[in-house]
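No hydrogens, no waters, no symmetry mates; every other heavy atom, side chains included, goes into these values. Each chain gets a letter, A, B and so on, in the order its sequence line appears, and its residues count up from 1. Keep in mind that this is a model prediction, so the values were computed, not measured.
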2 protein chains.
Amino acid sequence: MQADRRVNEELARADARKWHFAVLATLDEFGAASQAELSDRTRIYRSDLVAVINELTARGQVDRAPDPADRRRNLITLTQAGRRQLRELDKVLAEVEEEVLAPLSPVERKQLTDLLTVLVEHHGQPM
Amino acid sequence: MQADRRVNEELARADARKWHFAVLATLDEFGAASQAELSDRTRIYRSDLVAVINELTARGQVDRAPDPADRRRNLITLTQAGRRQLRELDKVLAEVEEEVLAPLSPVERKQLTDLLTVLVEHHGQPM
DNA sequence: CCAAATCGTTAGTCACACTAACGCTAGTTC
DNA sequence: GAACTAGCGTTAGTGTGACTAACGATTTGG
């Protein structure tokens, strides 16, 4: 919870929240996608995603356009500004991570992430 | 987040939330206390604690009475029903923990809790 | 004795998880 | 090709939890 609070604080200073980061990072990793795909990948409910995409488009960080191949869909695309913001947030989050993990040695950090990775992968989507 | 969701689900089935558990457990560990002390120990804001204590008294799990030694204070006391509920919640949470940590061996579980303990103790209250 | 601090309380904001329902579009079936 | 079904985006609303501001009552320290 304390780590979470620090993350939120620092993201706020960069005019962002966790959801914004999640969407930007997902678009960067998997490329342009519909809102439904983003919802699946980020675990953000499609109802909440609407507002997030609104905010990101208002900041010019993503582009929302109807998908010509399926007119029910919106295609969300990462813009240059979005890519810049993502790099910025990556930096911010790396700093917080360093701060949070400060008391652990490199070996211990690897142990911790390995253990947590096992947990996440074990109970995948459903749980 | 998935573990948190499971915890919330199971607590809800026992007619409780995380805050209720936190207060009951703290009263059990440190004995009767004022709301301000509970706020310090549980990290629940004193403004939110009011409602939690209201709910716990409504369920008969704690008792709220003015402290004769300092009439600004309310003394919160664990009742028998509160102790019973705490034991119940302990059981529920142990089950969820077992479920969450299922893929880890006993040694790995100890590693994980040790690492997390280091983190929590390193950045104590402030952070 | 008076000012400052503490305590409980009320009211309100914000982030995020989650549900229900509606209109639109696409694919399927008869 | 009409009707049904399913998927998509959107709106509105609920509940939990973190956090702030302010107020009346009481206690404490100079």
Side-chain angles (χ1 to χ4, degrees), chain A residues 1-23 32-58 62-77 89 125-127, chain B residues 1-23 32-58 62-77 89 125-127:
Chain A
M1 283 169 58
Q2 293 186 46
D4 198 52
R5 179 162 38 226
R6 287 290 298 127
V7 165
N8 290 334
E9 280 173 17
E10 293 304 316
L11 284 180
R13 288 161 44 86
D15 191 33
R17 281 171 298 143
K18 279 182 278 179
W19 285 355
H20 297 99
F21 172 73
V23 169
S34 71
Q35 297 185 193
E37 287 168 324
L38 287 176
S39 173
D40 282 349
R41 288 173 185 159
T42 60
R43 322 288 275 138
I44 300 173
Y45 278 61
R46 41 191 222 303
S47 46
D48 296 321
L49 201 48
V50 176
V52 176
I53 304 292
N54 284 346
E55 289 157 11
L56 289 174
T57 54
V62 305
D63 189 65
R64 168 156 50 188
D67 183 345
D70 183 342
R71 297 211 319 280
R72 292 172 303 181
R73 286 187 170 90
N74 285 336
L75 250 190
I76 313 298
T77 320
L89 296 182
Q125 297 274 104
M127 188 154 178
Chain B
M1 285 169 57
Q2 292 186 44
D4 198 53
R5 177 162 39 225
R6 286 291 298 128
V7 166
N8 290 333
E9 280 173 15
E10 293 305 314
L11 283 180
R13 288 161 45 88
D15 192 31
R17 282 171 299 142
K18 278 182 278 181
W19 286 355
H20 298 99
F21 172 73
V23 169
S34 71
Q35 297 185 192
E37 288 168 324
L38 287 177
S39 173
D40 281 350
R41 288 172 184 159
T42 60
R43 323 287 278 140
I44 301 173
Y45 278 61
R46 38 193 224 305
S47 46
D48 296 320
L49 202 46
V50 176
V52 176
I53 305 293
N54 284 345
E55 289 157 12
L56 289 173
T57 55
V62 305
D63 189 64
R64 166 155 51 187
D67 183 345
D70 183 342
R71 299 210 318 279
R72 290 172 305 181
R73 286 188 170 89
N74 285 336
L75 251 190
I76 312 298
T77 319
L89 297 182
Q125 297 275 103
M127 188 153 178

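The nearest whole Å value for the distance from the CD1 atom in Ile44(B) to the P atom in dT9(C) is 14 Å. Atom pair Leu49(B):CG and dT6(C):P shows a separation of 18 Å (rounding to whole Å applied). Rounded to whole Å, the distance from CG on Asn8(A) to C1' on dC19(D) is 12 Å. Atom-to-atom, CG of Asn74(B) to C1' of dG24(D) comes out at 14 Å; the value is rounded to the nearest Å. In this structure, Glu9(B) places its CD atom 11 Å from C1' of dA17(C), rounding to the nearest Å. Taking atom CG of Asp4(A) as the reference point, atom C1' of dT16(D) lies 14 Å away to the nearest angstrom. Leu38(B) has its CG atom 12 Å from the C1' atom of dG8(C), to the nearest Å. In this structure, CD1 of Ile53(B) is placed 15 Å from P of dC7(C), rounded to the nearest angstrom.
A salt bridge is defined here as a Lys NZ or Arg NE, NH1 or NH2 lying under 4.0 Å from an Asp or Glu carboxylate O, and Arg6(B) with Glu10(B) meets this definition. Using a 4.0 Å cut-off between charged side-chain N and carboxylate O, Arg17(B) and Glu55(B) make a salt bridge.
Mapped onto DNA chain D by nearest heavy atom, Gln35(A) and Met1(A) fall at different nucleotides, with Gln35(A) at the one closer to the 5' end.
Ranking dC7(C), dG13(D), dA18(D) by closeness to the Arg73(B) side chain, first place goes to dC7(C). For Arg5(A), the side-chain atoms get nearest to dA18(D) when compared with the rest of dC8(D), dA18(D), dC16(C).
Here Arg46(B) lies in heavy-atom contact (under 4.0 Å) with a base. At a threshold of 4.0 angstrom between heavy atoms, the contacts of Arg17(B) are confined to the sugar-phosphate backbone, with no base atom among them. Heavy atoms of Ser34(B) sit under 4.0 angstrom from primed sugar atoms or phosphate atoms, though from no base atom.
Judged by distance alone, with hydrogens and angles left aside, Asp48(A) brings a side-chain donor or acceptor within reach of the base of dC18(C), the pair sitting under 3.5 Å.
You'll find the side chain of Thr42(B) stays beyond 4.5 Å of the side chain of Trp19(B), heavy atoms only. Contact annotation: the side chain of Asp40(B) never approaches that of Glu37(B) to less than 4.5 Å [non-hydrogen atoms, C-beta and beyond]. Contact of the Ile53(B) side chain with the Val23(B) side chain is registered, since non-hydrogen atoms from C-beta on lie closer than 4.5 Å. Proximity of Asp67(A) to Asn74(A): side-chain heavy atoms (C-beta onward) are nowhere separated by under 4.5 Å.
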Stepwise, does the side chain to side chain contact (heavy atoms under 4.5 Å, CB included) test hold for Leu49(B) with Ser39(B)?
CA-CA 7 Å; Leu49(B) 202 46; Ser39(B) 173; 4.0 Å; yes

If you apply the rule side chain to side chain contact (heavy atoms under 4.5 Å, CB included), what do you find for Ile76(B) with Leu38(B), and how did you get there?
CA-CA 9 Å; Ile76(B) 312 298; Leu38(B) 287 177; 3.9 Å; yes

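Under 3.5 Å, the side chains of Gln35(B) and Arg64(B) contain a donor-acceptor pair of N or O atoms.
Test Asp15(B), Val62(B), Val52(B) against His20(B) for side-chain contact (heavy atoms from CB on, under 4.5 Å) and you get one pass: Val52(B).
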Check: protein-nucleotides 27-30 of chain D nitrogen or oxygen pairs below 3.5 Å:
residue, atom, partner, partner atom, Å
dT27(D), OP1, Arg71(B), N, 2.6
dT27(D), O4', Arg72(B), NE, 3.3

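Between Tyr45(A) and dC18(C) there is a side-chain N or O to OP1 or OP2 distance below 4.0 Å.
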Where each pair must be Watson-Crick or G-U wobble with both distances under 3.5 Å, what dot-bracket representation of DNA chain D is obtained, with crossing pairs in [ ] and other-strand partners as |?
||||||||||||||||||||||||||||||

